[in-house]
Amino acid sequence: MSSKVTFAFDSNPLGVYQAGQLISGTAELVTERPKTIRSIFITINGYGETRWQESEERVGEDGKTTKSLVTHTTTEVYYSTDQPVYGQAGGSQLELPMGKYVFPFRTTIPPNAPTSFNGAHGQMKHEVTLTIDRAVRYNNTFKQCFSVILPHDLNKRQEYKQPLKRLESKSFWWGSIFGAHKPMVMDVGTSYSAYVPGQKIHFHLVLDNQSDVQCMDVKVRLLKNVSYRANSSGPKEQLKVTETRVADKHCGEVLKHNKAKFDEFLLVPPTTPSTQSEKDPIRVSYTLRFIAKTFKLHGGGDLVMDFPLTIGTVPLMGSADDKGPEPSDKSQPSGNSHPGSPNFQEDVSDEQFESNSFKPRYPVYPFDGKPGTNGANGAANAPSLYPKAEDAPHSTPVKYTPNPVSPASQKSPPYPTNPPAAAAPGGNFEVLGFSIPPDYKPTPSAPADAPTGGIGWK
């Protein structure tokens with residue numbers, strides 16, 4: 001391709017933003033040959049999209065049943081802004097000389113914009129797009145995704161501080177053959193019912209295997225449940241639900257007529273926070289599953305215990321001291337302890353929607369068991385997840401030059417015929433009103449006697 005674009009976000013090299021935050025940056029366009037264009041514009045948008053296919057049976061007019069492949073899809077746009085940066089949309093043709101151009105962009109992400117997501121049957125996508133509108137040929141389009149996170153502070157709901165706790169039992173027909181009816185009993189407890197990526201889910205599990213069936217393994221799994229919704233094929237809403245494993249723990253076997261206790265933990269990896277809105281076309285939730293695995297021949301299946309679990313973006317205050325739900329293993333937590341500021345890591349999931357290979361980044365907290373690592377007096381403060389506007393250095397307002405247009409009454413060429421003034425030693429020069437470092441060289445202007453009419457496409 002004769003053109004390429006490099007996007008850069010201001011003071012945010014990873015491109016991670018909070019919903020409601022200002023996003024700004026530059027798009028550097030390099031062209032290897034002149035182009036005949038109408039305009040160049042930059043679009044910043046965020047949207048949700050789902051799509052999947054299913055086989056359906058339909059009865060025809062002749063009464064016969066036929067199978068057909070039906071596509072279910074839906075699209076919801078949350079925000080979209082267009083910024084003309086060169087020429088005018090739908091205007092006259094003009095010549096874009098080969099060279100290097102830098103275009104600034106900026107907008108404010110809506111405060112209710114959804115968290116970025118990339119899954120098997122849908123996506124929540126936020127991206128910056130530079131489009132070269134060409135008069136006759138196809139448009140040139142360049143895109144760059146960025147991550148948006150809708151804050152989910154676990155401290156705003158008191159129920160998240162409540163532990164998960166349950167006792168369940170299961171009997172097997174294998175034992176009843178020999179006159180034994182004693183069950184397998186599982187007692188499980190956790191410290192909280194909500195966690196954040198980077199945090200350990202400490203659990204206390206007691207398996208009292210009174211039965212004649214051996215437990216081959218006690219497994220603990222964190223499962224991500226995704227609901228995709230679509231309403232394109234009719235008034236009835238279509239639903240597609242998937243379940244994937246994001247974390248796994250093997251505790252070990254428990255022989256028959258034996259009892260075992262496990263005080264372990266499951267580490268929450270970088271993963272999508274739980275969805276808060278009921279209206280989004282894609283909803284993410286989590287299940288914490290405890291499994292006592294048995295032989296299928298013994299009848300009755302495994303002993304399984306499921307808990308709904310919430311994954312947030314801001315951890316519970318005091319959770320940095322968590323060592324488990326058992327009083328003997330758990331010290332008194334400091335009410336204001338906090339693990340510190342997070343780093344942002346790519347989603348652990350390998351799923352992707354069609355050709356979208358972008359991996360969103362999510363906050364991962366450094367839980368190291370050391371309370372009070374942020375505050376000056378030993379008490380940790382809640383971290384500032386994202387850069388704030390007041391923390392950014394004040395920059396000189398950018399002076400934008402008028403977009404080059406070709407008035408119908410003017411016979412002069414649509415590009416500047418006077419070469420730019422030489423820059424002072426060590427100084428900068430302006431390209432479209434944006435300050436360029438001294439090592440850039442300006443593109444030479446067309447000669448003064450260049451033809452003015454009949455500009456054709458290239």
Side-chain angles (χ1 to χ4, degrees), residues 5-19 21 23 25 44-50 78 109 113-129 142-154 194-201 221-226 228 242-249 265-276 280 282-286 309-315 339-368 383-387:
V5 174
T6 303
F7 294 91
F9 299 103
D10 293 340
S11 304
N12 196 334
L14 296 179
V16 181
Y17 295 89
Q18 177 179 333
Q21 191 178 7
I23 175 176
I44 307 176
N45 62 3
Y47 61 93
E49 182 180 16
T50 62
Y78 296 95
I109 303 170
T115 297
S116 298
F117 172 82
N118 191 4
H121 306 291
Q123 60 184 352
M124 291 291 190
K125 195 173 187 180
H126 304 264
E127 63 184 1
V128 182
T129 304
F142 308 88
K143 298 183 178 183
Q144 175 63 57
C145 295
F146 57 93
S147 299
V148 170
I149 298 172
L150 181 64
H152 191 174
D153 189 349
L154 300 180
Y195 295 83
V196 296
Q199 189 172 6
K200 295 176 180 178
I201 304 175
R221 292 174 176 171
L222 178 62
L223 304 172
K224 179 163 70 173
N225 311 295
V226 184
Y228 301 92
T242 63
E243 182 181 85
T244 56
R245 188 190 316 170
V246 296
D248 200 6
K249 184 82 172 184
F265 66 85
L266 190 66
L267 182 65
V268 181
T271 187
T272 315
S274 300
T275 304
Q276 303 173 68
D280 290 337
I282 301 174
R283 300 195 71 252
V284 178
S285 61
Y286 289 88
L309 194 80
T310 300
I311 301 298
T313 62
V314 179
S341 298
N343 55 70
F344 296 90
Q345 300 180 20
E346 291 184 346
D347 189 1
V348 70
S349 173
D350 291 326
E351 291 185 350
Q352 69 176 55
F353 179 66
E354 298 176 351
S355 61
N356 180 17
S357 59
F358 176 73
K359 280 182 171 288
R361 290 179 178 268
Y362 304 116
V364 179
Y365 286 83
F367 283 83
D368 54 4
S384 174
L385 291 184
Y386 312 89

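If you're wondering where the values come from, they're calculated on a predicted model, not measured in any experiment. Throughout, numbering of the chain's residues begins at 1 and tracks the sequence.
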Nearest-0.5 Å distance, [atom1] of residue [X] to [atom2] of residue [Y]:
X      : Y      : atom1 : atom2 : result
Phe146 : Asn12  : CZ    : CG    : 10.0 Å
Thr275 : Ile311 : OG1   : CD1   : 12.0 Å
Glu243 : Arg221 : CD    : CZ    : 9.5 Å
Arg361 : Leu14  : CZ    : CG    : 4.5 Å
Thr313 : Leu154 : OG1   : CG    : 7.0 Å
Tyr47  : His126 : OH    : NE2   : 10.0 Å

Look only at the side chain of Asn118 and the backbone of Asn356, and say whether a donor-acceptor pair between them is shorter than 3.5 Å.
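Yes: the side chain of Asn118 pairs with the backbone of Asn356.
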
Backbone N or O of Asp347 within a donor-acceptor pair of the Gln345 side chain at under 3.5 Å?
no

Using 30° and 60° as the class boundaries, would you call the ring planes of Tyr17 and Phe9 parallel, tilted or perpendicular?
perpendicular

Tyr362 side chain to Thr272 side chain, donor-acceptor N/O pair below 3.5 angstrom
yes

Are Val226 and Ile282 packed together at the side-chain level, in the sense that at least one heavy-atom pair is separated by less than 4.5 angstrom?
yes

Hey, are the side chains of Val314 and Tyr365 touching, using non-hydrogen atoms and a 4.5 Å cut-off?
yes

For Arg283, which residues count as a side-chain hydrogen bond (donor to acceptor under 3.5 Å, both in side chains) partner, sequence neighbours excluded?
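By the side-chain hydrogen bond (donor to acceptor under 3.5 Å, both in side chains) rule, Arg283 matches Glu278.
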
If you look at every heavy atom in Ala19 and Leu150, which pair is closest and at what distance?
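Closest pair (atom of Ala19, atom of Leu150, distance): CB-CD1, 3.8 Å.
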
